[in-house]
Amino acid sequence: MRSNGSAAPGAETSAPDTDASQGGPPLSDAEVDAKVIDLAGLSEIAYGRERSKAAKAMGLSVGWLDKFVRSKKAAIVAQAAGGAEVEAGGQGRPMDLPEPAPWPDMVDGTALLSSITKAVSRYMVMEPGAAECVALWVVHTHALDSCGITPRLSITSPRPQCGKTTLLDIIYRLAVRPLLAGNVTAAAVFRVVEVACPTLLVDEADTFLPGNDELRGVLNSGHRRGGSVIRVVGEAMEVREFSTFAPAAIAMIGHLPGTLADRSISITLKRKRADEPVESFRYDKTEELDQLARMCARWAADNIAQLREADPDVPANLYNRAADNWRPLLAIADAAGGEWPKKAREIAAATVDADQTKRVGLLADIRDVFDKRQVDKIRSADLAAALVAMEGHPWAEHGKTGKPLSANSLARMLANDSISPNSIRLGEDTGKGYERAQFEDAFARYLPPPPNATVTPSQPLDFCGFSANLQPSQSNGCDGSETAQDTSISAACDGVTVANQGEPPKSARVRVRL
């Protein structure tokens with residue numbers, strides 16, 4: 001048995017021997033490859049019936065067999081799609097998607113996540129909790145087969161030169177089958193996902209994503225297993241289904257469109273200060289990251305069954321889609337153990353969607369206007385003006401334009417809570433406005449009781465980060481807040497492996513031709 005770290009990251013490896021309990025000589029590499037080809041040609045239902053028995057017969061874990069079959073199926077589909085003609089004389093070139101071979105030794109999950117966090121932090125200045133989010137999400141790309149939701153990783157910044165591209169380059173070395181694109185179309189996304197299920201790394205999305213409803217729809221649908229698009233293809237006008245389910249990290253200046261942000265774990269980057277030195281990322285010096293990618297592959301293969309059965313507890317302030325986004329990552333943290341279950345939940349609880357926080361803050365400020373004026377109705381323009389006049393609140397420089405909140409903008413924001421302006425009478429005048437009664441249900445659902453309330457209603461689970469003084473609570477997650485959080489890391493990369501369990505083949509690369 002090998003000691004920890006005994007195998008070099010690039011060392012030649014071979015598949016584990018056939019289980020001796022099966023009897024007979026071990027299968028040769030050629031025989032194993034032939035069986036994998038046969039399995040790749042089966043339907044999903046047929047493969048599901050055969051996979052456990054086939055894995056046992058070949059002396060492989062089910063997780064490894066899944067990886068080999070997926071890689072072989074991608075190559076078969078690409079060849080059937082006419083890849084030879086494309087490579088010979090078509091435009092562009094075949095895509096080369098690196099898939100790291102699993103590390104030859106068993107991997108400790110706690111040390112692995114800590115090592116990824118430390119490696120990311122070497123090159124990036126990030127808010128507390130952000131590097132941990134990246135570590136969990138990277139491992140999630142390797143364990144995609146275990147879950148029904150793949151949260152998008154939103155990487156945004158208020159202006160250029162904040163490190164978004166560098167972070168994508170780092171993730172490229174760590175994730176499984178990464179595909180980096182500075183521009184992409186909806187058709188390209190669902191076709192490449194159907195063929196190879198890559199980890200999509202979309203850069204400069206602010207230059208083509210806003211207003212691109214078709215692309216946004218494809219990325220939205222890929223958030224859930226079973227997400228797909230339907231297209232008519234070929235001269236025979238055949239109706240075909242294309243999968244869209246795949247991990248995606250999206251980097252852009254500004255904010256993701258609302259429906260996409262709702263499906264994302266968010267990281268906001270800032271430009272580093274002169275007194276915040278970090279190492280420059282070198283494209284030709286990635287041995288540590290490449291080794292960590294192989295360790296991710298091994299850990300995911302060894303823990304895939306546990307992750308499939310996981311149903312992790314989610315912090316109470318995360319609900320609906322936010323809870324769905326975090327469950328796959330919390331399952332990984334629980335399986336890794338150590339300090340990660342607690343740490344991941346602290347980060348998740350602090351990651352309240354900024355847009356949702358703003359909407360709840362709007363309700364709190366509207367209630368404050370009604371209370372201070374002691375009125376039960378108010379004109380739309382007067383309510384907007386009162387909100388803009390609140391010092392230290394975001395309404396004086398609202399939205400991407402930075403202009404003051406208008407009556408029309410207010411109406412659009414309130415529409416999410418089914419509140420719309422009505423014709424009201426104030427004295428002898430009539431006009432568009434709001435009555436307090438329209439807000440009472442939203443106040444009761446999303447806000448704590450006012451300080452002078454005599455009865456304290458039960459607190460709903462979807463309370464979104466406001467304390468009793470109606471001010472946004474500080475958080476320490478990936479949304480850019482400044483609250484400190486313990487992110488100490490004690491394990492180095494060379495302390496991750498613990499035991500030798502046989503060696504898989506050397507890293508493969510999936511060649512995809514569309």
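These numbers were taken from a predicted model, which means no experiment stands behind them.
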How long is the span from the CD1 atom in Ile253 to the SG atom in Cys162, to the nearest 0.5 Å?
-> 8.0 Å
How many angstroms lie between atom OG1 of Thr166 and atom OH of Tyr123, to the nearest 0.5 angstrom?
-> 11.0 Å
Of the non-hydrogen atoms in [X] and [Y], which two are nearest, and what is the gap between them?
X	Y	value
Cys197	Leu144	SG-CD2, 3.6 Å
Ala336	Thr110	O-OG1, 2.8 Å
Leu136	Ala344	CD1-CB, 4.0 Å
Met124	Met126	CB-CG, 3.5 Å
Tyr172	Asp96	OH-O, 4.4 Å

Check Leu112, Val138, Asn303, Val139 against Ile332 for a side-chain contact (heavy atoms from CB on, under 4.5 Å) and give me the one that passes.
-> Val139
For His142, which of Pro247, Pro102, Cys296 qualifies under side-chain contact (heavy atoms from CB on, under 4.5 Å)?
-> Cys296
Heavy-atom check, side chain of [X] versus side chain of [Y], under 4.5 Å:
X	Y	value
Met295	Ile116	no
Val193	Leu200	yes
Lys403	Ser409	no
Val202	Met252	no
Ile366	Leu387	yes

Is the number of heavy atoms from other residues, nucleotides or ligands under 6.0 Å of Arg321 CZ greater than 12?
-> yes
Under 6.0 Å from the CD atom of Glu276, do we count more than 12 heavy atoms belonging to anything else shown?
-> yes
Is the NZ or CZ atom of Lys67 positioned over Trp64's six-membered ring, under 6.0 angstrom from the centre and within 45° of the axis?
-> no
Donor-acceptor pair, [X] side chain versus [Y] backbone, under 3.5 Å?
X	Y	result
Arg216	Pro210	no
Ser264	Ser266	no
Arg152	Ile250	no

From CA spacing to verdict: side-chain hydrogen bond (donor to acceptor under 3.5 Å, both in side chains), His140, Thr150 | CA-CA 8 Å; His140 161 72; Thr150 177; 2.9 Å; yes
Carefully, step by step, assess Trp395 and Leu362 under the rule side-chain contact (heavy atoms from CB on, under 4.5 Å).
-> CA-CA 9 Å; Trp395 317 121; Leu362 176 64; 3.7 Å; yes
